[in-house]
Amino acid sequence: MAEFREGLTFDDVLLVPKYSDITSRSQTDLTTKLSRNITLNMPFVSANMDTVTESAMAVAMSRAGGIGIIHRFLSIADQTEEVLRAKRSGSVMIEHPYTISADRTVQEAREYSEDRQVSGLLVLDKDTGRLEGIITGRDILFADPADRVRDVMTKDVVTAGPGVGRDEAKRILHDNRIEKLPILDEKDTVCGLVTSRDIINTSDYPNMSVDGKGRPLVGAAVGVKGDFMERGEALLGAGADVLVVDIAHGHSENAMGTVRNIKKAFPDCELIAGNVATAQGAQDLIKAGVDAVKVGVGSGSICITRVITGSGVPQLTAVIDCAKVGRENDVPIISDGGTRTSGDAAKALAAGASSVMVGSMLGGTDESPGTVLTKNGKRFKVYRGMASLAASIGRKSKETGYVSLDDDLNDYVAEGVEAMVPYKGGVTDILKQLAGGLRSGLSYCGAHTIPQMQQNAEFVKMSRAGFAESNPHDVSVM
């Protein structure tokens, strides 16, 4: 016989204010666990959606203290390149700098630099691999595109040994008025590159979430069918810090089998899987070997799973149920979906989540993939669910190389929609507002840290009148 119980979401409850000894929001600490072995300085994760996270968003998230998960709807080579770009953006020393041979043309150097989004290339002898020079944007700015790299490159290159520290590198860069410092080993082979921009970044973003080598943290998604093992190996080889098994119904043999296979092949890999909405779903994924569980079925702004399938659990209840299992097994829970405000994020974390995945709040920013569209004089960007009709057709075209005009669109059962969100500019200000609101949320709970907020949290259920009272009322909002 069917069982019935009540389910609540963020707008159904409020956190009860508690005594606080916090006199400034800066006294709060947003450090949290993403997975068993990865710590974030801010509990926000950008969603692995093709209209939200590629390298630009991943870099911005890391600099703010969170992490971005690069979506899987790219070729293996392209997704791997996105991971590499994110990793290169903030390391004190780039381990595998981009290079070019001296006999290439200026045009080829320009195109290669633009494609890789770098301002300079190291020039290596194509036979010996030894450093011959360096070519930057200034070298090729007015050069004839047909000229050879050797004719315009800087030949007297200042270098350093592999043991050079950050302060010493800064001194060398300053004394020689240069921006790039190649690192050579004892055989005069290039083993790295230090740039002034990377040193500045480490100072400008003190809260940046980084790996053991000082590079930005970045995650990447894989599917449960086809090339997921090959894709996972390539992404880990490129430096991805965590893999996310991406499937709408995570409490399934498809998901658990994928988790077991990846963990068997790459036992040291940090692995997140989901989405689930029940304690049993979280328990089964943990048993399969995950290092964090992603919770949320049908709660996203562009998800219609609950409408199409009739299945789902209101997000707050789902987080509370799964978090209990997570605590028992020391496995973090990620709340994914339904977060529209910093207050929603505070409620998700107070309910037991260790981090919050956000999508629509970051869509429409400069860092999200896609071009800006204009409609009725206003600017927008496309934001779509990965189970939407457009995304499903696009995914098939990438997997098979084509979509037949004879395909019956009724064969696609969409569980997401394609929409537009207002263009929002840079994502940095949005992340600052999210973090600031969350810090205030901690102070209202009388907590200095997220774990302390979870211990102090007390929810009160409210009526529709209470929800209306929570929002601006009886005034004309300007």
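Just so you know, these numbers use all the heavy atoms, side chains as well, and skip hydrogens, waters and symmetry mates.
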Taking salt bridge (Lys or Arg N to Asp or Glu O under 4.0 Å) as the test, write out the residues that go with [X], two or more places apart.
X	value
R464	none
K324	E328
K225	none

Within-4.5 Å side-chain heavy-atom neighbours: [X] and [Y]:
X	Y	answer
S354	T32	yes
L236	L243	yes
V83	I70	yes
Q433	M361	no
L217	I38	yes
S46	I69	no
L349	M453	yes
V222	I262	yes

If you compare all heavy atoms of [X] against all heavy atoms of [Y], which two are closest, and at what distance to 0.1 Å?
X	Y	value
V295	A277	CG1-CA, 4.5 Å
S89	A86	OG-O, 2.6 Å
G223	V245	O-CG1, 4.5 Å
A346	L438	CA-CD1, 3.7 Å
A64	L431	CB-CD1, 3.7 Å
Q27	H448	O-ND1, 3.7 Å

Main-chain N/O of [Y] paired to [X] side chain as donor or acceptor, under 3.5 Å:
X	Y	result
K87	P216	yes
T309	T305	yes
E82	S55	yes
N376	K378	no
K381	G370	yes
R384	M49	no
T341	D344	yes

Worksheet item: Between H71 and F73, what is the ring plane arrangement, given parallel below 30°, perpendicular above 60°, and tilted in between?
Response: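 If you compare the ring of H71 with that of F73, the planes turn out parallel.
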
Can you tell me if [atom1] on [X] sees more than 12 non-hydrogen neighbours from other groups inside 6.0 Å?
X	atom1	value
F459	CZ	yes
D115	CG	yes
R340	CZ	no

Which residues satisfy the side chain to side chain contact (heavy atoms under 4.5 Å, CB included) test with [X], sequence neighbours excluded?
X	answer
T80	I76, L84, A234, L235, A238
Q117	R85
T365	M57, E367, S368, K424, V427, I430

Worksheet item: Taking it one step at a time, do K347 and D12 satisfy salt bridge (charged side-chain N to carboxylate O under 4.0 Å, His left out)?
Response: CA-CA 11 Å; K347 294 172 188 177; D12 294 320; over 6 Å; no

Worksheet item: Does R72 make a cation-pi contact with F228 (under 6.0 Å, within 45 degrees of the axis)?
Response: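 Geometry flag: not set, cation outside 6.0 Å or 45°.
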
Discussion item. Here's a test for you: under side-chain contact (heavy atoms from CB on, under 4.5 Å), which of T31, L30, L34 qualifies with L40?
Written reply: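 The side-chain contact (heavy atoms from CB on, under 4.5 Å) with L40 is passed solely by L34 among T31, L30, L34.
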
Worksheet item: Which of these passes side-chain contact (heavy atoms from CB on, under 4.5 Å) with I183: L193, V164, I94?
Response: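 Considering L193, V164, I94, a side-chain contact (heavy atoms from CB on, under 4.5 Å) with I183 is found only for V164.
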
Item to complete: Take N275 and H249 through the test side chain to side chain donor-acceptor pair (under 3.5 Å) and record every step on the way to the result.
Response: CA-CA 6 Å; N275 284 20; H249 186 20; over 6 Å; no

Check this for me, if you would: do [X] and [Y] make a salt bridge, where the nitrogen-to-carboxylate-oxygen distance has to be below 4.0 angstrom?
X	Y	answer
D246	K294	no
K18	E458	yes
D241	R215	no
K263	D291	yes

Worksheet item: Does the side chain to side chain donor-acceptor pair (under 3.5 Å) test come out yes or no for S35 and E270, once each step is laid out?
Response: CA-CA 7 Å; S35 62; E270 287 292 293; 2.6 Å; yes

Fill in: Residue pair K180, S119: steps toward the side chain to side chain donor-acceptor pair (under 3.5 Å) verdict
CA-CA 10 Å; K180 293 177 172 56; S119 60; 2.8 Å; yes

Worksheet item: When you look at S252 and N254, which way does the side chain to side chain donor-acceptor pair (under 3.5 Å) test go after all the steps?
Response: CA-CA 5 Å; S252 64; N254 278 341; 5.1 Å; no

